[in-house]
Protein chains: 2
Amino acid sequence: MLNKDKRLLFEKQAEIARAMAHPLRIAIIHFLKDGEQCVCDIAENVGSERSNVSRHLSVMTGAGLLEYRKDGLKVIYKLKCICIVDFFSCVTDVLKRQAKDSEKLLKAL
Amino acid sequence: MLNKDKRLLFEKQAEIARAMAHPLRIAIIHFLKDGEQCVCDIAENVGSERSNVSRHLSVMTGAGLLEYRKDGLKVIYKLKCICIVDFFSCVTDVLKRQAKDSEKLLKAL
DNA sequence: TGATTATGTGAGTATATAATCACATAGTAA
DNA sequence: TTACTATGTGATTATATACTCACATAATCA
């Protein structure tokens with residue numbers, strides 16, 4: 001059985017993972033890979049309402065994925081940890097495997 | 001704005017990320033790092049009902065994180081992709097940064 | 001055959017999350 | 001001052017998710 005420390009660690013890790021586990025948030029991460037951006041431009045790029053994007057950004061910031069600075073009227077967000085991008089290389093691996101499996105299945109028809 | 005292919009990709013990636021974004025599922029991944037295990041032992045190790053664990057396992061299997069084989073009465077699960085473990089090194093990086101930030105804040109008091 | 005064990009699943013409930021709309025706030029500039 | 005713009009937030013609704021319990025299934029063995 002897990003002890004309390006492990007439990008707490010896994011909860012923290014899950015919180016961070018959850019902050020990445022949404023298509024819109026992944027689109028945001030993808031967009032921010034190339035540099036910081038304001039809410040306005042992020043919303044335009046991912047194709048969603050600003051208020052919705054604002055909420056997603058605050059979830060990600062809360063989880064420690066993003067940080068921001070204010071510049072006049074604008075709020076500029078950026079990735080706090082570029083390592084986040086590595087996560088998606090893992091995810092891509094899983095996807096490639098899935099593709100391979102489907103291929104095998106097709107051949108067996 | 002995102003095109004359809006990107007949208008689909010991000011949705012697939014989110015599905016995989018979601019399959020990791022739960023404390024119990026992270027505990028399962030953690031437990032399976034050292035080798036395959038049956039549902040029974042997984043449930044015991046993570047400290048949750050078998051029926052619940054069974055459901056989590058099927059989510060993870062559906063997302064392509066796990067695979068299983070049957071052995072008599074038992075069903076043995078294992079990680080399909082050890083790269084999943086890399087993901088948590090990224091998460092750990094984020095956590096370390098958070099810890100550093102808290103420390104800074106404390107010193108400023 | 002019946003009893004036992006490991007696993008999976010339907011149904012119900014509780015909780016969390018996402019999206020939308022309207023509005024609040026705060027910075028800017030005329 | 002007023003008007004404008006970018007961002008954030010409260011309230012609502014819709015949807016998804018997690019958990020529990022009871023039961024179903026399937027393999028094993030006496």
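A, B, ... follow the sequence lines: proteins, then strands. Residue 1 opens every chain.
B/R97 is linked by a side-chain contact (heavy atoms from CB on, under 4.5 Å) to A/C81, counting only residues two or more places apart in sequence or in another chain. In this view, B/S48 and B/N52 satisfy the side-chain hydrogen bond (donor to acceptor under 3.5 Å, both in side chains) rule, not counting sequence neighbours. Among residues two or more places apart in sequence or in another chain, the salt bridge (Lys or Arg N to Asp or Glu O under 4.0 Å) test is passed with B/E36 by B/R69. The ring-ring contact (aromatic ring centres under 6.0 Å, His included) check on B/F10 picks up A/H30, with sequence neighbours excluded. Under the rule for a side-chain contact (heavy atoms from CB on, under 4.5 Å), the partners of A/T61 that lie at least two apart in sequence or sit in another chain are A/L66, A/Y68, A/Y77. Contacts of A/F31 classified as ring-ring contact (aromatic ring centres under 6.0 Å, His included), with partners at least two apart in sequence or in another chain: none. Listed by chain and residue number, A/D101 satisfy the salt bridge (Lys or Arg N to Asp or Glu O under 4.0 Å) test with B/K80 (two or more places apart in sequence, or in another chain).
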Seminar exercise, completed: Per-nt protein contacts along nucleotides 24-30 of chain D (heavy atom under 4.0 Å; B base, S backbone sugar-phosphate only, - none) come out as --BBS--

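Look at B/Y77 and you won't find any side-chain N or O under 4.0 angstrom from OP1 or OP2 of C/dA6.
Annotation: proximity of residues 25-50 of chain B to DNA chain C (heavy atom, distance under 4.0 Å) is found for B/C38, B/V39, B/C40, B/R50, numbered in ascending order. Within residues 52-68 of chain A, the residues that have a heavy atom under 4.0 Å from DNA chain D are, in order of number, A/S54, A/R55. Less than 4.0 Å separates DNA chain C from no heavy atom of any residue of residues 10-24 of chain B.
The ring-ring contact (aromatic ring centres under 6.0 Å, His included) analysis of residues 82-109 of chain A, with sequence neighbours excluded, yields the pairs A/F87-B/F87.
A/S102 contributes a side-chain N or O that, together with a main-chain N or O of A/Q98, makes up a donor-acceptor pair within less than 3.5 Å.
A heavy-atom distance below 4.5 Å is found between the side chains of B/R25 and B/V59. Side-chain contact between B/M1 and B/R7 is present, with at least one heavy-atom pair separated by less than 4.5 Å.
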For this session: Begin from the C-alpha positions of A/L32 and A/I28 and carry the test side-chain contact (heavy atoms from CB on, under 4.5 Å) through to its verdict.
Result: CA-CA 6 Å; A/L32 291 180; A/I28 291 170; 3.8 Å; yes

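Atom-to-atom, NZ of A/K74 to C1' of D/dT5 comes out at 10 Å; the value is rounded to the nearest Å.
Considering every non-hydrogen atom in both B/Q13 and A/I26, the closest pair reads OE1-CG2, 3.3 Å.
Across all strands shown, D/dA30 pairs with C/dT1; the Watson-Crick or G-U wobble distances both stay below 3.5 Å.
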